[in-house]
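Notes for the one structure printed next.
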There are 2 protein chains.
Amino acid sequence: MTDKEALQIHINIGMLVGSVNRAMTKRFVQNAHKMGLDISLDQWMVLGPIWRFEGVSQKDIAEFCMKDKTSVTRIINTLEKKNLVVRVPDQIDHRINRIVLTHQGKQLFQNVLPVIEKTREEVRKGISDEEIETLKKVLTKITQNLEKDNG
Amino acid sequence: MTDKEALQIHINIGMLVGSVNRAMTKRFVQNAHKMGLDISLDQWMVLGPIWRFEGVSQKDIAEFCMKDKTSVTRIINTLEKKNLVVRVPDQIDHRINRIVLTHQGKQLFQNVLPVIEKTREEVRKGISDEEIETLKKVLTKITQNLEKDNG
DNA sequence: AAATATTAGTTGCATCTACAACTATTTTGT
DNA sequence: ACAAAATAGTTGTAGATGCAACTAATATTT
């Protein structure tokens with residue numbers, strides 16, 4: 001394989017993944033904005049586990065969202081500024097923050113669900129269930145490949 | 001479909017794509033660093049078209065890389081600070097910058113090629129060519145779906 | 001030729017990210 | 001019990017991103 005071919009192949013996947021990531025993020029925010037909702041996809045992703053597991057720790061949020069703990073810290077800062085969540089220190093283990101949705105947070109969450117659905121439909125248009133399954137499978141495999149030690 | 005299922009399905013794809021994007025970026029930088037090279041994947045992606053098309057404009061770089069023009073502006077700022085590229089104003093159309101690799105830039109580019117190859121191998125381990133093809137096909141389709149007007 | 005529109009690129013602002021270094025707290029090992 | 005290690009979270013720094021508003025230059029329209 002020539003150098004240029006290596007470049008081509010690598011960049012194709014890297015560029016595609018990056019491009020799709022940016023495009024999905026963008027479309028979600030645009031759709032939310034059209035419904036009068038002010039929230040980013042990353043903020044939404046952090047809200048998800050808080051909705052499902054009231055009082056979840058930041059560490060667990062990071063795990064569910066596959067994000068860095070520093071990212072979670074800062075996104076929760078933003079969510080707290082927006083009065084969507086509150087940090088409640090754990091009574092037993094004082095290292096842990098229990099993150100809880102406010103009333104406002106719960107309402108926003110519900111309001112965003114149709115935006116999620118709309119975005120999902122736009123993303124998946126013309127793509128078969130089987131293709132989506134392969135997509136998920138391959139992406140999961142790549143994630144696993146890269147989780148391994150740098151060897 | 002229940003709300004929670006909608007959440008699940010959407011987040012799965014969004015999270016996976018984001019996660020893979022971050023992981024690939026990270027692994028590339030780590031691999032480069034191990035070889036004593038200081039460059040990010042995004043900087044590399046911008047170098048690609050400059051290598052292939054000497055004197056390419058920022059607008060065309062943005063197109064090749066599927067990036068926003070503002071991102072390209074700022075990445076080229078960084079590359080210029082690192083003395084890897086220079087901006088040469090077009091003699092005829094004074095709006096356009098012609099981006100050219102410096103000697104240092106050319107050398108770095110060559111040195112990074114093995115890093116690209118190594119990262120590519122790590123990413124693709126245990127994934128068949130057919131799966132990669134499907135991945136590319138589906139990601140391209142999603143890109144196209146989201147390029148359309150917000151309707 | 002003058003007014004208008006388009007294009008290439010930059011800048012300010014807000015968000016998201018990784019890494020390293022840090023604090024505070026809890027757990028483990030001896 | 002006490003020292004060492006692990007854990008949860010925060011902060012500083014630097015890079016990347018989108019959007020809107022902007023400048024400067026070219027192309028189009030009338």
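Chain A is the first sequence line, chain B the second, and so forth, proteins listed ahead of strands; every chain is numbered from 1. All heavy atoms count here, side chains included; hydrogens, waters and symmetry mates do not.
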Q. Just one of B/E117, B/E122, B/K26 clears the side-chain hydrogen bond (donor to acceptor under 3.5 Å, both in side chains) bar with B/N31, so which one?
A. B/E122

Q.
For DNA chain D, which residues of residues 87-98 of chain B approach it to below 4.0 angstrom with any heavy atom?
A. B/I92, B/D93, B/H94, B/R95

Q) Would you call A/D68 and B/R22 a salt bridge, using N to O less than 4.0 angstrom? A) no

Q. Under 3.5 Å, is there a donor-acceptor pair linking the side chains of A/Q91 and A/R98?
A. no

Q: Quick one: closest heavy-atom pair of A/F28 and A/I116, and the distance?
A: CE1-CD1, 3.5 Å

Q) Quantified as the angle between the terminal helix axes (five pairs each), what is the overall bend of the helix from C/dA1-D/dT30 to C/dT30-D/dA1 to 10 degrees? A) 20°

Q | Distance test, side-chain N/O of A/K67 to OP1/OP2 of C/dT17, below 4.0 Å | A | yes

Q. Should B/R27 and B/V123 count as side-chain neighbours, where that means a heavy-atom distance under 4.5 Å?
A. no

**Q.** Any A/Q30 side-chain N or O less than 4.0 Å from OP1/OP2 of D/dC19
**A.** yes

Q) Which sits closer to the 5' end of DNA chain C, B/R74 or B/K59, going by the nucleotide each is nearest to? A) B/K59

Q. Between D/dT17, D/dG18, D/dG9, which nucleotide has the shortest distance from any of its atoms to the side chain of A/K26?
A. D/dG18

Q. Where the side chain of B/I75 is defined as all heavy atoms beyond and including C-beta, which of D/dA16, C/dA18, C/dT10 is the nearest nucleotide?
A. D/dA16

